[in-house]
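Everything on this sheet refers to the single structure shown next.
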2 protein chains.
Amino acid sequence: MKGFTGAMGEGVRRVTIHDVAGKAGVSTAAVSHAFNDPERLRATTVTRILDAARDLGYAPNPHARALHSQRVGVLGVLFPQPIATVFANPFFASFLEGIGSVTDERGIGLLTVTPLGGSLERAIAAAPVDGFVIIGLDERHAEVAPLRKRGVPFVVVDGDAETASSVNVDDEGGAYAAANLLLEHGHRDILVLTFHAPPEELAKDLGVRGRRLRGYRRAFVDHAVALDDDAVVRTFVTLEGGDMAFAKAWAEGARPTAVLAASDIMAIGAMRAAKRLGLRIPEDLEVIGFDDIPLAAASDPALTTIHQPIADKGRVATRLLIRELDEGGPRERIVLPTELLLRESTRAASKKSRTQRVAKGGTEREGKRILKAAAH
Amino acid sequence: MKGFTGAMGEGVRRVTIHDVAGKAGVSTAAVSHAFNDPERLRATTVTRILDAARDLGYAPNPHARALHSQRVGVLGVLFPQPIATVFANPFFASFLEGIGSVTDERGIGLLTVTPLGGSLERAIAAAPVDGFVIIGLDERHAEVAPLRKRGVPFVVVDGDAETASSVNVDDEGGAYAAANLLLEHGHRDILVLTFHAPPEELAKDLGVRGRRLRGYRRAFVDHAVALDDDAVVRTFVTLEGGDMAFAKAWAEGARPTAVLAASDIMAIGAMRAAKRLGLRIPEDLEVIGFDDIPLAAASDPALTTIHQPIADKGRVATRLLIRELDEGGPRERIVLPTELLLRESTRAASKKSRTQRVAKGGTEREGKRILKAAAH
DNA sequence: AACCTTTTATGAAAGGTTTTACCGGAGCGA
DNA sequence: TCGCTCCGGTAAAACCTTTCATAAAAGGTT
């Protein structure tokens, strides 16, 4: 860890508990008590101390406090990618919003932790936090393992964990519903857009990518439709990635009548490419995404997609972590429901409500029930 | 500060430098040296210590390190509002992206700090950071003043500061350009949407709001057009705020031919209301925003606006702060340029490039030059 | 072998807080 | 008056690391 090396701005030594004790004519212990357990002291003494503290502008040193209590009141959110890309991604924005709503109400700080000089492990070691929410990284990941050893509690989101709590959404069920919709519409030539992943995940269809792909595949099997390997394309989780992937497939002669994208942003990219090629959506091409990012509703046409409760994932994970920190609560595996959201990029099949539930999903309320049920 | 109270997850006492020293048969000082200044030790000793450390899974305690060195390697970003609203706001997302790009490359952590139980002051006191980037808060703000006393360096963004560096954009110039465009298009009945602000700022037209309003007013004066007080409406910086404000003005009989909004999101809200009322944009109503958030380009019609380099503000502020921390660099006042971006919510006036520069603005490169120039 | 100079390693202090154990005194009942 | 409890407060240890001054070891000279 490099960080800063130079000297402090001004030479103003910070006022410490000793200064306050001196001014108030008491011991440092008394000052500490005045702040943390005023009952133990005579009322007059307390006010005398508090007055002195205010005059001096005293505030307890967070580092000293943390060192002693082994608690800083800060939670780390561990991302596998540079922070700039994190904040540029609306998915993470929603996720952080969920986490933030909990930390805020508990008066806890939020530290974003990203690879330090390429190494997540170093970043983890240097982070002054009480626990981690880990997103999109498997517990088995080499960089994460040391956490266990250090005894720092963590919760895994969008990943599997044996030794820690985990929060996931029903990726497979959502993917099944998405593929099922297109197959029911009669499509037989569907382009599947999925994303890049580390080799070990690819090999075993692990992680989010694997689960979604499994859902797609299961629907194809149930409809007795073959899913050609050529029809499954891996690309980047960006608008450009989706655009390129569709354009490339088209250029190579593919003529899909529908697109099944494992992420909204790729779906929107594919729509852009399709429109450029003169295709009408949904008349010539039906498109369905995954995630329901804010842009999905605003895109043209509005994107039919699988909604997943992104902010809720953050909220649930954070509550779990805090409980583990506070009470050493039990490990849990939470799976939140997903939901099919019919918008304009697919043809209306019935005159039912535009928002219909996925068979395997459920309402948000059910999601909370799942959480509660699992809590015992 | 409440935070956690309970016991640590497992009883596994963390491995300390003493454990490593014991295992390697050396003193704790030697272990410290092995990590921080290996040259001082014999090579064989170093490897022996490092091996022991690895076996034990040792990592230096960040809190102890921070306490001793008076440095944690974490920067705080101070927001005047709950964290959930922060991450929900694309403006802040861009801003954080800029900050993050710098902290990341320096291996520094990023802590978001928001009011703790309603009090920013308490949040500030409890935050384990080396310095703050303060956004949208005046240095004179009662909650911020204690920072000075505590000797924690900070940089103010979108606010004025006497005793600290500040980073702002040319709000007034941008606003002038926006108003000027509409006035040149011949509009005489313009609805101005501005936002709520604390009373003291309102009174003196301080802060971002004041500067933008000043720019609008100056243009009106230059065009010898009166700006009626009724035509300046204060509302919330949300889509709903802009929608409501326009609808209300309309309901009260106002029939503006153009809208001058001090923020994109309000402009988009106003467009929504106008479309609902059957107005065509830009034929019946020209609209211009401010900020150039991502949504501005995606809205329908695409919003003409004043671009401000949001991410750059974050980057510049962070570099300034780090320099002050490292070298105690001098205070600076940076003003970054703004830029008029012509899109679809205003009528095309000429066949020139769709992006044209504001007289008082400049390119990004010029922005950097300003920074550099000011650095001496 | 004695002495000097480097090199290598250590002891102890410092950094600021919280907390445990304890102490002196006051009040009270016997 | 003795002995007990309770109150208000304090001393000192503990949290873990880094660093300064210094000691010990190693190596080289005479």
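We name chains A, B, ... by the order of the sequence lines, and we start the count at 1 in each one.
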Output yes when at least one side-chain N/O atom of [X] is less than 4.0 Å from OP1 or OP2 of [N], else no.
{"X": "A:S32", "N": "C:dT19", "answer": "no"}
{"X": "B:R65", "N": "D:dT18", "answer": "yes"}
{"X": "B:N36", "N": "D:dT18", "answer": "yes"}
{"X": "A:Q70", "N": "D:dC16", "answer": "yes"}
{"X": "A:T28", "N": "C:dT18", "answer": "no"}

Between [Y] and [X], is there a salt bridge with N-O shorter than 4.0 Å?
{"X": "B:R54", "Y": "B:D51", "answer": "yes"}
{"X": "A:E162", "Y": "A:R331", "answer": "no"}
{"X": "B:R315", "Y": "B:D312", "answer": "yes"}

message = Students often mix this up, so state it plainly: with edges at 30° and 60°, are the rings of B:F87 and A:F87 parallel, tilted or perpendicular?
response = parallel
Specify the separation, in whole Å, of atom [atom1] of [X] and atom [atom2] of [N].
{"X": "A:D37", "N": "C:dT19", "atom1": "CG", "atom2": "P", "answer": "9 Å"}
{"X": "B:I49", "N": "C:dA9", "atom1": "CD1", "atom2": "P", "answer": "8 Å"}
{"X": "A:Y58", "N": "C:dG16", "atom1": "OH", "atom2": "P", "answer": "10 Å"}
{"X": "B:R42", "N": "C:dT10", "atom1": "CZ", "atom2": "C1'", "answer": "14 Å"}
{"X": "B:R71", "N": "D:dT19", "atom1": "CZ", "atom2": "C1'", "answer": "17 Å"}
{"X": "A:D19", "N": "C:dT17", "atom1": "CG", "atom2": "P", "answer": "9 Å"}

Between A:G159 and A:S166, the two heavy atoms sitting closest are O-CB, 3.8 Å
The residue among A:T85, A:T114, A:T112 that forms side chain to side chain donor-acceptor pair (under 3.5 Å) with B:D104 is A:T114
Between B:A59 and B:R40, the residue closer to the 5' end of DNA chain D by nearest nucleotide is B:A59
Within the side chain of A:R106, is there an N or O that forms a donor-acceptor pair under 3.5 Å with the backbone of A:G73?
->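 Pair absent, no side-chain N/O of A:R106 close to backbone of A:G73.
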Contacts of B:L67 and B:R48 projected onto DNA chain C by closest heavy atom; the upstream (5') one is B:R48
Report the nucleotide, chosen from [options], that has the shortest atom-to-atom distance to any side-chain atom of [X].
{"X": "B:H33", "options": "D:dT10, C:dT10, C:dG16", "result": "C:dT10"}
{"X": "B:T45", "options": "D:dC16, C:dA9, C:dG15", "result": "C:dA9"}
{"X": "A:H18", "options": "C:dT10, D:dT18, C:dT17", "result": "C:dT17"}
{"X": "A:I17", "options": "C:dT18, D:dG8, D:dT17", "result": "C:dT18"}

Does any part of the side chain of B:S165, heavy atoms only, come nearer than 4.5 Å to the side chain of B:R333, both counted from C-beta?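 Side chain of B:R333 against side chain of B:S165, heavy atoms only: no contact under 4.5 Å found.
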Using a heavy-atom cut-off of 4.0 Å across all strands, would you classify [X] as base, sugar-phosphate, or nothing?
{"X": "A:V31", "value": "nothing"}
{"X": "B:L41", "value": "sugar-phosphate"}
{"X": "B:F35", "value": "nothing"}

Double-helix bend of the helix from C:dA1-D:dT30 to C:dA30-D:dT1, axes at both ends from 5 pairs, round to 10°, gives 70°
Base of D:dT17 paired with side chain of B:H68 (donor-acceptor, under 3.5 Å): no
